[in-house]
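Beneath this line is the structure, given in structure tokens, with notes to follow.
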Amino acid sequence: MATLKLEVVALVGTALGIASHLGYFIHGEHHMQATRIAAFFFIAPLLLFILTLRDIDGNSYIEAGKITAVGTASYFTALSTSILIYRAFFHPLRRFPGPFSAKLSKITHVLRIAKDSKNYLLNEQMFYKYGEFVRTGPNELITNSPEAVSVVLGISSKCTKAPWYECVSYPNTSLHLTRSRLEHDKRRKIWDRGFSAKALRAYEHRVTGFTDDLISQLNSHSGEPVNASRWMNYYAFDMMGDMAFGKSFDMLKTGEKHDTIELLQEGMAPLGVITPIPWILILFQDIPGLSAGPKKFLKYLLEQVAARKQRTPDSPDLFSWLIDAEKQSNDPIHKDPRWLNGDCGLIVVAGSDTTTATLTHIFYHLARSGEVFSKLRKELDSFYKPGSESEFRDLQEATYLNGVINEALRIHPPVPGGVLRVTPPEGITIGTTFIPGNVTISTPAYSLGRLESCYENPSEFIPERWGEKPEMVRDKGVFVPFSVGPYSCVGKQLALMELRNVIARIVTEFDVKFAPGEDGTALLEKSTDTFTIALAPLMLVFTKREV
Ligand code: HEM
């Protein structure tokens, strides 16, 4: 009787396993149900055990245990076999090249990047091996086809943001992390006001104030080795703290990292590795005791937003535009505190690591090449007057300075792995390649910046390609470090203001060289990809210029 029963249990388990794949898992997205699914997988066997125990005469734990084990094992074996067979042989992406293991699951991808968190390098290796389109997961593609940029990201693209955004934002939301185009566009209108030409002019004094603080620190350490990555990070975070809460983190003044920033960076560190399996973030958030760093950052954020609401700064910061929308608009989205909180956090997160990485890589190249440094200084010396009324507009026109910035953004894009999008249900066509619908796709910026077909000598740092040697840029369409289209960087102009101001001040006031024993290898090899780049130290010596 027990033998027959076990066979029946095995059959039922197998049928349920296949049915749950074909009836549920194969359809749509399930990342937001990660906790519920995990709980079901845990609780269902327990329930089966309790129910069978009740129904068996004589309360045989062993028999109930056998039934539970056979039922659970046959369910999971059938479910995973059905999933794996479908992914390998029937999935719409089955004909795209890529590692065989990637067809089946993202696990090997995660294991391959777990050691050094360099997803963009793995992407690059895969393009080299498999070509322009690579299947990097059961339902995921990457492409370095130049034509993909406008189709996937461009203004008329039908692609939307991938599940990754929802998982990262959970349980909050923000302009960057919402997947609703409608909500995004409503909020984007408010943000755009905060970055209008008039608003940007009003931020100029904030930029020069923080640049002054940075210069004063470099002055007091003149001639000594300093960690440029750290000081650039302090600069960018202090500036964004001020823009978000009207209150700097004061790291440039104290020379110490603010606890909250430490927590935020610790919280972002795993992103590089778990980006291929973002649903795990939902589990982390739901299970008490996990995600302590991000939760503390959130608490700090709420306190700062509440405090900022009580203050009105002398001149508007970015928060002013967001709070105006809350006061003046009747649209519930602008009244929902989750949006104000999320968007304030976004100012700090989006505007800091990106600017830090760009500044640090620029000073790496300036320390490395005396020729580039001298040419830049010569250009700046010819017109630059710090503190003048037209300071920011003059810098905007500086061809070589802009070439240096573009070249750093091309070779070291701060979001190197590219941004994740989902194709519309009807699919998209890139060149002659059809990409089926509901597939996650990205166009990694690191790889696009190194294409021979788009740039002459792509691995060389040559600022002239953006000025006097335009022929060295063969396809400008792939240069999108700030992304393009509806979700492109709203802070681009502010970022450029900061970059130009800091570079111009330092280059005209200091000589820059590597510290003894430094050659930039650690920066290039030890920095990690955590969606943005988390920088390794770069030891430089800034020495006050002799006049
Ligand atoms: C060198 C500096 C910067 C670079 C390279 C950069 C790059 C990017 C990229 C690639 C995106 C698209 C992200 C995606 O689609 O997932 C983005 C979005 C965004 N960036 Fe930046 N960024 C920089 C500086 C800034 C600054 C200073 C701010 C100021 C707050 C900022 C605010 C934002 C926001 C709010 C978004 C989301 C826009 C949207 O979804 O509509 N960024 N940035």
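Just follow the structure's listing: the first ligand is 1, and inside any ligand the first atom is 1. What you see below is based on every heavy atom in this structure, not just the backbone, and it leaves out hydrogens, waters and symmetry mates.
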Identify, for atom 15 (O) of ligand 1, the protein heavy atom at the shortest distance, and state residue, atom and that distance.
Arg421 NH2, 2.8 Å

Mind checking whether [X] has an N or O less than 3.5 Å away from an N or O of ligand 1?
X	value
Thr355	no
Lys161	yes
His176	yes

Numbering as shown, the atoms of ligand 1 that approach [X] to under 4.0 Å (heavy-atom distance):
X	answer
Phe531	16 (O)
Pro414	5 (C)
Leu346	35 (C)
Arg188	38 (C), 39 (C), 41 (O)
Thr358	1 (C)
His184	39 (C), 40 (O), 41 (O)
Val419	13 (C), 14 (C), 15 (O), 16 (O)

Is it the case that the ring center of Tyr165 lies less than 6.0 angstrom away from the ring center of His176?
yes

Could you check, using the six-membered ring where one of them is a Trp, whether Phe531 and Trp164 have ring centers closer than 6.0 angstrom?
yes

Can you confirm whether more than 12 heavy atoms, excluding those of [X], are under 6.0 Å from its [atom1] atom?
X	atom1	value
Lys335	NZ	yes
Arg368	CZ	no
Lys257	NZ	yes

Does one side chain, of [X] or [Y], offer a donor that lies under 3.5 Å from an acceptor on the other?
X	Y	answer
Ser320	Asp317	yes
Ser169	Arg338	no
Asn402	Arg500	yes

So, does Ser488 sit close enough to ligand 1 that a heavy atom of it is under 4.0 Å from the ligand?
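So Ser488 counts as touching ligand 1.
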
Does Gln493 have a non-hydrogen atom less than 4.0 Å from ligand 1?
no

Compare Ala244, Gly194, Pro481 and give the one whose heavy atom is closest to atom 10 (C) of ligand 1.
Pro481

Identity of the nearest option to atom 16 (O) of ligand 1, non-hydrogen atoms only, from Tyr487, Trp191, Tyr165
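Selected option, by shortest heavy-atom distance: Tyr165.
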
Assess whether ring pair (Phe, Tyr, Trp, His ring centres under 6.0 Å) is satisfied between Trp321 and Phe195, documenting all intermediate values.
CA-CA 10 Å; Trp321 301 94; Phe195 286 103; 9.6 Å; no

Listing by chain and number, what protein N/O/S atoms are under 2.8 Å from atom 21 (Fe) of ligand 1?
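As for protein N, O or S atoms lying under 2.8 Å from atom 21 (Fe) of ligand 1, they are Cys489 SG.
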
For the pair His412 and His365, name the ring-plane relationship: parallel under 30°, tilted 30 to 60°, perpendicular over 60°.
tilted

Please enumerate all residues that pass side chain to side chain donor-acceptor pair (under 3.5 Å) together with Glu379, with sequence neighbours excluded.
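Residues passing side chain to side chain donor-acceptor pair (under 3.5 Å) with Glu379: none at all.
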
Pick one: which of Thr423, Ile435, Thr443 meets side-chain contact (heavy atoms from CB on, under 4.5 Å) with Ile430?
Ile435

If the test is side-chain hydrogen bond (donor to acceptor under 3.5 Å, both in side chains), which one of Lys327, Arg187, Gln328, Lys189 qualifies with His334?
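Option passing the side-chain hydrogen bond (donor to acceptor under 3.5 Å, both in side chains) with His334: Arg187.
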
